[in-house]
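Each chain gets a letter, A, B and so on, in the order its sequence line appears, and its residues count up from 1. Computation of the quantities below employed the complete heavy-atom set of this structure, encompassing side-chain atoms and omitting hydrogens, waters and symmetry-equivalent molecules.
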Amino acid sequence: MKKQNNAGFDRPSFFQKLLRQKMALAGGVCILAWLVIGVVSFFYTPYSPTEVAMGDKLLAPSMAHLMGTDNFGRDILSRMMCGARISLLLGFVAVSISLCIGIPLGAFSGYYQGKLSGLIMRVMDSLQAFPMLILVMSISVALGRNSFSAMLAVGIAGIPNFARLMYAQTLSVKQSAFIEGEHAIGLPRRQILFRHILPNCITPILVRLSLSLGSAILTISSLSFLGIGVQPPTPEWGYMISEARGYILTGEWWMIFFPGLAIASLVLSFNLFGDGLRDALDYRIQ
Amino acid sequence: MKYIIKRILQMIPSVLLVLLITFSLSRIVPGDPARMMAGEQAPEEAVERIREEMGLNKPIPEQFVVYVSEVARGDLGTAWHTGRPVAEDFAMRFPASFELALCALLLAVLIGVPVGIYAAAKKDSAVDHISRVITLLGTSVPVFWLGFMLIYLLYAKFEMIPAPFGRISDEIFPPTHITGLYLLDSILTGDIVAFKSAISHIFLPALCLCFGSLAIISRMTRSNMIEVLNLDYIRTARSKGIKESKVIGKHGFRNILVPVLTVIGAQLGGLIGNAVVVETIFNWPGIGSYITQSILQTDYAPVQAFTVISVLIYMFINLILDILYTVVDPRITY
């Protein structure tokens with residue numbers, strides 16, 4: 001059967017749609033698994049993630065140390081487990097910051113269009129003119145090199161994404177007849193905005209949330225890799241890779257391989273989950 | 001022409017806003033810049049004098065005006081960890097960064113666009129599936145991990161590439177300085193030895209740098225091509241009996257140029273950001289690795305300057321793209 005296409009979008013066949021949902025499911029399961037690992041790491045890790053044991057340094061993966069040990073003899077598996085909770089926590093908080101500031105700003109600017117809204121969107125535009133990683137870098141360096149400022153920086157840099165999305169959504173929902181009706185019956189404007197417009201914008205926000213979480217985690221680990229974000233001895237994935245960079249030339253691949261795999265799997269899961277969510281909810285955002 | 005001038009004038013408020021953002025950031029940097037310049041042991045009077053010289057005791061709005069005029073004159077401050085003006089350091093390292101970014105962009109476009117077109121023409125073929133997987137990986141795999149794994153496999157394990165340090169092997173003289181781009185210079189001077197060495201050094205970093213952009217460019221090319229291939233005029237072309245390769249290559253391709261250019265422009269931001277990471281991994285003597293050093297030395301002036309420069313480059317390229325639109329699509333006029 002020739003596949004039918006709607007203007008602008010290649011519509012997947014039923015099978016593809018199913019497959020893509022399965023991928024989203026796999027992503028969701030993987031996210032859950034990392035969450036569980038992160039929680040478990042509070043109570044149990046095979047070895048101490050921070051205790052130095054120079055006698056066991058640079059051991060290749062074996063039964064005793066499933067993922068080997070690093071240059072201080074610390075167990076990589078244990079450090080990875082702790083890394084899960086750190087990445088997830090920092091990522092969630094960072095995206096919450098962008099969400100909690102971006103959504104009200106966007107909703108406000110879209111609903112009450114005036115000079116102030118124009119200014120807000122102008123500032124959002126110029127924030128978006130920065131290359132993402134550069135902006136995050138310069139904010140977090142300015143705030144001081146620690147995990148809190150890295151988190152804050154990623155949060156601030158993410159504000160325009162949510163604000164612009166919400167702005168566009170509010171503008172389009174505002175046009176609909178039921179909002180016009182509510183204006184006509186004299187409902188307070190604030191109530192219309194919060195009780196009626198906001199809930200109608202939830203779907204694309206959820207999709208963006210999942211995708212943002214993935215990119216926030218990736219950005220934070222890049223910052224830690226560059227030495228800006230999480231500081232030693234906290235076992236953060238990006239930092240673990242940065243610490244191991246001297247050992248790659250001599251062939252100690254496990255120190256980099258496993259943390260990188262962790263970042264990639266978590267970010268990929270969030271991306272798959274977001275994409276699946278979008279398809280499932282059949283909502284198209286850019 | 002009139003449009004270009006108008007666009008440049010329109011850019012001025014945005015640039016001022018950007019400068020305001022970077023200026024505000026530089027004011028919240030912890031630590032006293034005057035104290036840092038003077039050194040830990042310097043007496044209080046010396047610190048005070050430097051503070052005066054740097055204009056740090058003027059009112060904040062006046063400081064901002066001074067800052068804007070300095071940037072406009074190309075004065076980006078002094079990097080205290082090298083003791084040289086930032087602009088000088090940048091100029092010295094710019095060719096290396098430019099060469100790397102250019103190679104990465106070329107790779108991304110020259111691979112991404114054809115792969116995208118092929119994937120669109122042969123939907124659900126092997127190439128299509130592979131490009132789908134690459135897209136997923138390209139947006140999820142951290143570039144520093146990819147870089148190290150490739151270094152491990154290709155250098156440490158199989159010794160297929162030279163050591164990941166710098167732009168050219170130590171024992172080989174860099175080509176005569178013409179443009180500062182080693183690849184171009186060595187071709188211009190006919191220096192085959194230098195060319196071989198330079199290309200073997202740049203290959204891996206450029207590959208890592210282009211990976212993310214490559215993924216997105218190929219995907220967007222594919223979806224745009226599929227959209228265009230479903231239009232009526234393509235059916236007409238096909239029914240006239242024009243060869244499929246020509247239908248896609250000529251009739252289809254022309255009409256995806258505008259969206260593809262937009263995607264390429266959007267990728268440049270990510271490319272500039274990732275360049276910092278890639279240059280750090282491969283010890284590439286460009287602006288990115290210089291920025292990483294500055295960060296580790298808590299030297300904020302270069303970071304601030306780099307932020308401003310990268311935004312300006314980004315804006316400038318988008319301006320050029322806007323102008324290019326009129327070239328590739330005559331229907332667009334401003």
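Taking OG1 from B:T139 and CG from A:N271, the interatomic distance works out to 5.0 Å, rounded to the nearest 0.5 Å. Note: A:I139 CD1 to B:I21 CD1 = 8.5 Å, rounded to the nearest 0.5 Å. Taken from CD1 in B:I291 to OG in A:S138, the straight-line distance is 10.0 Å, to the nearest 0.5 Å. Atom CG of residue A:D125 and atom CG of residue B:L17 lie 9.5 Å apart, to the nearest 0.5 angstrom. Rounded to the nearest 0.5 angstrom, A:I241 CD1 and B:I281 CD1 are separated by 9.0 Å.
Nearest heavy atom pair, residue B:S140 against residue A:L268, reads OG-CD1, 3.2 Å. In terms of heavy atoms, A:I263 sits closest to B:P142 at CG2-CG, 3.6 Å. Between A:A129 and B:V311 the shortest heavy-atom distance is O-CG1, 3.9 Å. Closest heavy-atom contact between B:Q10 and A:R122: O-NH2, 4.2 Å.
Neither the backbone nor the side chain of A:L266 comes within contact range of chain B; no heavy atom of the residue lies under 4.5 Å from a heavy atom of that chain. Contacts of B:L231 with chain A are absent, with no heavy-atom separation under 4.5 Å from either backbone or side chain. In this structure, chain B has a heavy atom under 4.5 Å from the side chain of A:R145, while its backbone stays farther away. At a 4.5 Å heavy-atom cutoff, the contact between B:F148 and chain A is made by backbone and side-chain atoms alike. Using a 4.5 Å cut-off between heavy atoms, B:T307 touches chain A through backbone and side chain atoms alike. For a residue to count as touching a neighbouring chain, one of its non-hydrogen atoms must lie under 4.5 Å from one of that chain's; by this rule B:I272 touches chain A with backbone and side chain alike.
In this pair, B:F144 and A:F225 present their aromatic rings parallel. The plane angle is below 30°, not in the 30 to 60° band.
The backbone N or O of A:E252 sits nowhere less than 3.5 Å from a side-chain atom of B:Y152 that would complete a donor-acceptor pair.
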